[in-house]
**Q** 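Got a structure here, written out as structure tokens. Questions coming.
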Amino acid sequence: MGILEVLFPFFVFPVIYAASNDCQFSLCGNNSILIRFPFQLEGDRNPYCGYPGFNLTCTNSSKTVLKFPYSRGAFYVRSINYLTQKIQVYDPDDCLPKRLLSLNISGSPFIPTFTRDYTFLSCPFQNAGSQFIPIDCLSNSTSFVSAIPTLSLINPLNESCYVITRVSVPVSGPEQQYEKNFRDELIEDLRLTWDTPDCKYCESRQQLCGFDPNNNGQLFCFSGYQTGTSRRGTQVFRIITLCIAGPAAVFAIVMACCVCYKDRLANIRNSAITRSAPAATISPEPQITTTGLDESTIESYEKVVLGESRRVPGPNNNGCCWICLSEYNSKETIRLIPECKHCFHADCIDEWLRINTTCPVCRNSPSPSPIHVTSIDP
Ligand SMILES: *[C@@H]1O[C@H](CO)[C@@H](O)[C@H](O)[C@H]1NC(C)=O
Ligand SMILES: *[C@@H]1O[C@H](CO)[C@@H](O)[C@H](O)[C@H]1NC(C)=O
Ligand SMILES: *[C@@H]1O[C@H](CO)[C@@H](O)[C@H](O)[C@H]1NC(C)=O
Ligand SMILES: *[C@@H]1O[C@H](CO)[C@@H](O)[C@H](O)[C@H]1NC(C)=O
Ligand SMILES: *[C@@H]1O[C@H](CO)[C@@H](O)[C@H](O)[C@H]1NC(C)=O
Ligand SMILES: *[C@@H]1O[C@H](CO)[C@@H](O)[C@H](O)[C@H]1NC(C)=O
């Protein structure tokens with residue numbers, strides 16, 4: 001392989017890598033909902049790392065918080081799907097119907113995928129009929145509150161009942177789907193989506209989306225921590241190789257220049273000194289210093305094969321692997337880092353741990369010292 005082929009990628013990518021490194025992924029404490037563009041933790045130093053309206057905050061108990069400008073109170077984030085641009089939030093007090101009564105998401109970038117009109121009723125007795133949805137957290141011993149899809153409302157109402165309000169409720173599915181299960185619709189999470197910024201193009205190519213800091217307001221795709229399931233291994237390897245080989249290549253270039261310069265000085269002075277192997281100095285390999293874990297240590301970390309539910313143990317509840325950003329599928333093998341319990345696809349994290357000793361999410365070091373060191377050839 002020629003020296004130009006080895007170095008070529010570093011002449012192409014520095015801008016992209018520098019830009020994507022500027023904007024960091026964030027997490028709220030031990031919670032693993034990935035916060036990245038268009039979302040941003042409030043207080044981030046780089047305003048261009050988030051899109052207006054996508055501010056999130058963290059609670060002291062590691063919950064990720066979303067607020068709507070015209071609704072009082074906070075919602076906790078259950079999950080964010082960056083590919084489909086969907087966010088799922090829930091009420092910290094576990095009474096979503098109460099929040100729906102005063103919900104106003106206008107002024108936020110979020111929109112419901114589907115909505116259904118519900119009528120909230122208050123009656124002095126427990127409503128029997130199956131179409132009434134009893135709402136325990138709004139009811140007390142003297143007034144029972146229920147909600148019913150406005151279209152299914154029977155007229156006339158029992159005279160002792162009265163309509164509290166009618167609200168348009170964001171729901172997960174179209175009309176036909178609720179027939180059997182609309183009872184659950186009001187207690188399940190609020191599912192919202194966003195159209196702007198549209199990062200689906202970048203995400204579907206397993207790239208990251210962001211503002212170009214050098215090009216006011218323009219969105220563009222970063223080549224980043226991407227990969228599809230099939231190419232994951234080589235991609236992860238490439239990313240990791242780039243991280244290490246990048247600085248090594250720069251070092252190699254500087255060394256090569258030094259050698260050239262010294263050679264010229266030497267020639268000028270007619271020095272008789274012969275240099276045996278300048279080529280070895282140019283090759284980037286000898287400069288690579290890897291400090292990773294050895295195979296037996298990596299193997300000693302807990303592995304789990306995901307079941308049909310695809311439920312991931314530990315605090316990783318956003319359903320995707322931090323390294324390759326692809327979702328977990330059933331029967332995939334994932335590996336947990338001891339102590340912090342962050343988990344990743346086994347083949348992603350193994351590659352990482354061969355050259356790093358820390359968890360890529362929280363930078364916790366599960367092992368006190370590097371075990372395997374390849375040092376610079378003298
Ligand atoms: C959102 O966060 C950014 C970065 O910290 C900040 O500059 C901006 O003022 C925040 N916006 C709101 C509405 O809080
Ligand atoms: C969160 O922690 C900070 C600092 O430790 C404290 O000042 C604040 O009152 C806490 N907030 C809550 C809601 O517990
Ligand atoms: C995360 O941290 C909070 C307190 O900060 C703790 O209550 C909770 O149990 C922790 N969760 C996990 C999965 O470690
Ligand atoms: C939401 O709040 C805004 C600002 O107060 C108001 O203009 C709008 O009418 C409200 N929408 C609903 C559905 O209440
Ligand atoms: C029950 O709730 C209704 C309406 O929210 C309220 O007017 C009433 O005082 C409550 N009764 C009791 C016993 O808490
Ligand atoms: C209203 O409901 C109560 C309790 O189920 C019932 O006794 C009463 O007859 C109903 N009134 C009408 C007008 O349907």
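This is a predicted model, so every value here is computed, not measured. Numbering starts at 1 and runs along the sequence shown. For ligands, and for the atoms within them, numbers begin at 1 and follow the listed sequence.
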**Q** Think R36 forms a cation-pi with Y82, using NZ or CZ under 6.0 Å from the six-ring centre and within 45 degrees of its axis?
**A**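 Because its charged atom sits under 6.0 Å from the ring centre and within 45° of the axis, R36 does stack over Y82.
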
**Q** Out of all atoms in ligand 5, which are within 4.0 Å of some heavy atom of S143? Include the element for each.
**A**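 That gives atoms 1 (C), 2 (O), 3 (C), 4 (C) of ligand 5.
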
**Q** What's the shortest distance from atom 5 (O) of ligand 1 to any protein heavy atom, and which residue and atom give it?
**A**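 Scanning the protein heavy atoms, the shortest distance from atom 5 (O) of ligand 1 goes to G43 N, 2.7 Å.
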
**Q** If you count the atoms of ligand 5 from 1 in the order shown, which ones are under 4.0 Å from a heavy atom of N140?
**A**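 That gives atoms 1 (C), 2 (O), 3 (C), 8 (C), 10 (C), 11 (N), 12 (C), 14 (O) of ligand 5.
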
**Q** Do any N/O atoms on P47 end up under 3.5 angstrom from N/O atoms on ligand 1?
**A**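 No; every N/O pair is 3.5 Å or more apart.
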
**Q** Below 4.0 angstrom from a heavy atom of S106, which ligand 4 atoms are there? Numbered from 1 as shown, please.
**A**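 This gives 1 (C), 2 (O), 3 (C) as the contact atoms.
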
**Q** Quick one: sort the F211 and Y51 rings into parallel, tilted or perpendicular, breaks at 30° and 60°.
**A**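 F211 vs Y51 ring planes: parallel.
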
**Q** Near D94 CG, under 6.0 Å, is it more than 12 heavy atoms from other residues, nucleotides or ligands?
**A**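 Atom CG in D94 is not crowded, with 12 or fewer foreign heavy atoms closer than 6.0 Å.
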
**Q** I want to know if ligand 5 touches T142 in the polar sense, i.e. an N/O pair below 3.5 angstrom.
**A**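 Min N/O separation from ligand 5 is below 3.5 Å for T142.
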
**Q** Any protein heavy atom sitting closer than 4.0 Å to atom 9 (O) of ligand 5?
**A**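 When distances to the protein are checked, atom 9 (O) of ligand 5 has no heavy atom within 4.0 Å.
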
**Q** Just by distance, no angles: are the side chains of D136 and S139 close enough, under 3.5 Å, to form a donor-acceptor pair?
**A**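 Their side chains do not contain a donor-acceptor pair, so the 3.5 Å distance test is not met.
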
**Q** Looking just at side-chain N and O atoms, do T193 and T113 make a donor-acceptor pair shorter than 3.5 Å?
**A**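 No, no side-chain donor-acceptor pair sits under 3.5 Å.
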
**Q** Below 4.0 angstrom from a heavy atom of Q40, which ligand 1 atoms are there? Numbered from 1 as shown, please.
**A**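 Here the atoms of ligand 1 in question are 3 (C), 4 (C).
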
**Q** Tell me: protein heavy atom nearest atom 14 (O) of ligand 1, and distance?
**A**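 Among all protein heavy atoms, the one nearest atom 14 (O) of ligand 1 is N55 ND2, 3.1 Å.
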
**Q** Thinking salt bridges, do E185 and R191 make one under a 4.0 Å N-O criterion?
**A**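 No, E185 and R191 are not salt-bridged.
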
**Q** Evaluate N104 for polar contact with ligand 4, using N/O atom pairs at a separation under 3.5 Å.
**A**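 Yes, at least one N or O pair falls under 3.5 Å.
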
**Q** Please confirm whether R335 makes a cation-pi placement over Y301, using NZ or CZ under 6.0 Å from the six-membered ring centre and within 45° of the ring normal.
**A**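 No, a cation-pi geometry is absent between R335 and Y301.
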
